[in-house]
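I have placed the structure first, in the form of structure tokens, so that the comments after it can refer back to it.
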Amino acid sequence: MAIGGKWIAESSGGTLEHINPATGEVQQVFPLAGPEEVDQAVRAARAACRGWGRWTAADRRRLLQRIAGLLRERTAEFGRISTLETGLVSPFADLMAVGAAEWFDYYAGWTDKLHGEAQSWDGLLNYTLPEPVGVVAIILTWNGPTGSIGMKVAAALAAGCTVVLKPPELAPFSSNLFAELCMRAGLPEGVLNVVPGGPDAGEALVAHPVVDKISFTGGPETAKLIQASAARSLTPLLLELGGKSANLVFADADVDTLAVAAARAVAFMNGQLCVAPTRLLVEHSVYDRVVERAAEEAAKLRPGDPFAATSDLGPVINKVAHQRILAVIERAKVQGQGELVAGGFPVGDRGYFIQPTVFRDVDNGADLAQKEVFGPVLAVLPFEDEDEAIALANDSAYGLAAYINTNDLGRAHRVAAELDVGNIAVNGGKPVAGPYAPFGGFKDSGYGKEGALAGVMEFIRIKNVNIKTG
């Protein structure tokens, strides 16, 4: 743990064994923060607020740029740690630190552009002061902690806030390496504190009366518990939650290429990605062709050692997830939720690997189409026309992302306007477009934005000053 600029190896929360998901073997034992360490971290962050807030915008900008440079220098180390802690295949794991560096560089540029406004009328002068909200509790998810650090921490520091970062207990190590980089970059003591921990630490953090804002990425059920706890102190929240994103393929698109891409997309990050297009909605006239090509591609994908160049995807995060995902597949088969046309079985005799799986003719009301599996499982559904495609896509409790594939530009605009989601990718566009565009969901996918000006404004409060001049 890193609290107030110091490393702490022992804690009141005990220890936890980390299991390598590729081998199923213990690879490290690490300390868990308890409520006592969480309290120390929050109070260290509070003590650092005033000093950090007095740094000039130019000095904060240069420091964030130094952090970005160090992230790039240590890309290979971050990649190796990400693979060991999450099972992410090496080529993708190596991109995590590079992506985080982009977020730090981008938000470094906002430090000196957060201006207030001034107006005068009837003998009055009115102006606003943008101020950091204060202490921000950031709770990371395990599927891409380094990327989440870039999305969350960079904006909070650019706004002048201090941070208590709770890494996921399933993937705690990359956050410690990040804390080391921040110390090396010259971030003042207490501005960033890292407290890996389990549910007790999370509860102590979100309920702490000194925390001024909470930024959480994870599942809706955990978010509801956080909301209930934060409500006691009226602590505001930024929630980036799950998704069951629809991938709409119209007959005028390049359906063969899209079918291959659909199978690969659901296996990306081992199927553990909140914006994964896990519902493939295909126009009826090309439906059989797309299903056939997607199933062929899913069967070709090779789960295996995430450090091996021959592996297309690695393991899911742990034994619990492995058993849960296989149970979802088995239940879908038994209940007739769809026809299994590819995959659906575990791979290897150690670790937590699953062959990418495709079901066709899935009823949109079935669990397979409505619940987030968070594994390499694709549900394929047909539609007759544009209206039905929109209705099926919107028939979900989630509203994080959607994908539209068509060569009709008018249709792309019409459908995008009708989809009830926060992020839409058209013809190869990205649902998470990097730090330059706002990202966030609707409905059970949460609220608040990460990225662009909206992302830094999540950590700013506006003070108004009104002066009588006449």
Side-chain angles (χ1 to χ4, degrees), residues 1-20 26-52 63 66-67 70-71 74 77-78 80-82 84-86 97 100 134-142 145-146 148-149 152-154 156-157 161-217 226 229:
M1 292 171 289
I3 299 175
K6 298 178 177 61
W7 291 107
I8 298 174
E10 296 182 0
S11 69
S12 64
T15 60
L16 186 67
E17 293 180 340
H18 184 273
I19 306 297
N20 184 330
V26 176
Q27 63 181 356
Q28 185 70 357
V29 178
F30 64 97
L32 290 174
E36 179 181 337
E37 289 76 30
V38 169
D39 180 65
Q40 292 173 8
V42 173
R43 296 195 183 281
R46 171 61 71 206
C49 274
R50 177 163 292 190
W52 177 237
L63 191 141
R66 284 199 295 274
I67 293 174
L70 290 171
L71 282 163
R74 307 284 284 276
E77 191 173 355
F78 271 103
R80 179 171 175 79
I81 287 175
S82 293
L84 288 170
E85 67 184 355
T86 69
V135 176
V136 178
I138 294 179
I139 303 174
L140 300 181
T141 185
W142 50 260
T146 303
S148 289
I149 284 170
K152 295 176 180 294
V153 178
L157 295 182
C161 296
T162 59
V163 172
V164 179
L165 180 67
K166 181 193 171 299
E169 60 264 41
L170 295 177
F173 307 120
S174 49
S175 296
N176 271 12
L177 179 56
F178 175 71
E180 178 192 322
L181 297 194
C182 288
M183 293 177 185
R184 182 177 163 192
L187 193 69
E189 294 180 358
V191 174
L192 174 74
N193 306 273
V194 178
V195 284
D200 289 347
E203 170 61 23
L205 184 56
V206 300
H208 203 291
V210 178
V211 168
D212 297 298
K213 182 142 189 178
I214 299 164
S215 176
F216 169 74
T217 296
I226 290 174
S229 183

Indicate the atoms forming the closest heavy-atom contact of Arg46 with Asp212, along with that distance. NH2-OD2, 2.6 Å
All heavy atoms of Lys152 vs all of Ile139, minimum pair found to be CE-O, 4.4 Å
Gly5 and Glu189 have their tightest heavy-atom pair at CA-CG, 3.9 Å
Check whether any side-chain heavy atom of Phe178 lies under 4.5 Å from a side-chain heavy atom of Val194, and answer yes or no. no
Determine the interplanar angle of the His18 and Phe173 rings, folded into 0 to 90°, and report it as parallel if under 30°, tilted if 30 to 60°, perpendicular if over 60°. perpendicular
Residue pair His208, Arg43: steps toward the side-chain contact (heavy atoms from CB on, under 4.5 Å) verdict: CA-CA 10 Å; His208 203 291; Arg43 296 195 183 281; 3.9 Å; yes
Does Gln40 form a side-chain contact (heavy atoms from CB on, under 4.5 Å) with Lys6? I'd like the steps, not just the answer. CA-CA 11 Å; Gln40 292 173 8; Lys6 298 178 177 61; over 6 Å; no
Drop me the distance from Lys166's NZ to Met1's CE, to the nearest 0.5 angstrom. 12.5 Å
For the backbone of Val26 and the side chain of Asn20, can you confirm whether one donor and one acceptor N or O come within less than 3.5 Å of each other? no
Write down the atom of Ser174, the atom of Thr146, and the distance for their closest heavy-atom approach. CB-OG1, 3.4 Å
Tightest non-hydrogen contact, residues Pro31 and Pro196, listed as O-CG, 3.8 Å
Check whether Glu37 reaches the backbone of Gly34 with its side chain - one donor and one acceptor, N or O, closer than 3.5 Å. yes
Is a side-chain N or O of Trp52 found less than 3.5 angstrom from the main chain of Cys161, in a donor-acceptor match? yes
Check: Leu84 main-chain N/O paired with Gln27 side-chain donor or acceptor under 3.5 Å: yes
Would you compute the distance between atom CD of Glu77 and atom CD of Glu180 and round it to the nearest 0.5 angstrom? 7.0 Å
Can you tell me how far CZ of Phe216 sits from CD1 of Ile226, rounded to the nearest 0.5 angstrom? 4.0 Å
With rounding to the nearest 0.5 Å, note down the distance linking CZ in Phe30 to CD in Glu85. 9.5 Å
Tell me if the CZ atom of Arg66 is crowded by more than 12 foreign heavy atoms within 6.0 Å. yes
I want to check something: taking the side chain as every heavy atom from C-beta on, are Val38 and Val164 in contact at a cut-off of under 4.5 Å? no
Examine distances only and state if a side-chain atom of Glu36 and a backbone atom of Ser11 form a donor-acceptor pair shorter than 3.5 Å. no
Distance, nearest 0.5 Å, that separates CG of Leu205 from CD1 of Ile138: 10.0 Å
Looking only at non-hydrogen atoms, find the nearest pair between Ala137 and Val211 and report the distance. CB-CG1, 3.8 Å
SG on Cys182 to CD1 on Ile149, rounded to 0.5 Å: 8.0 Å
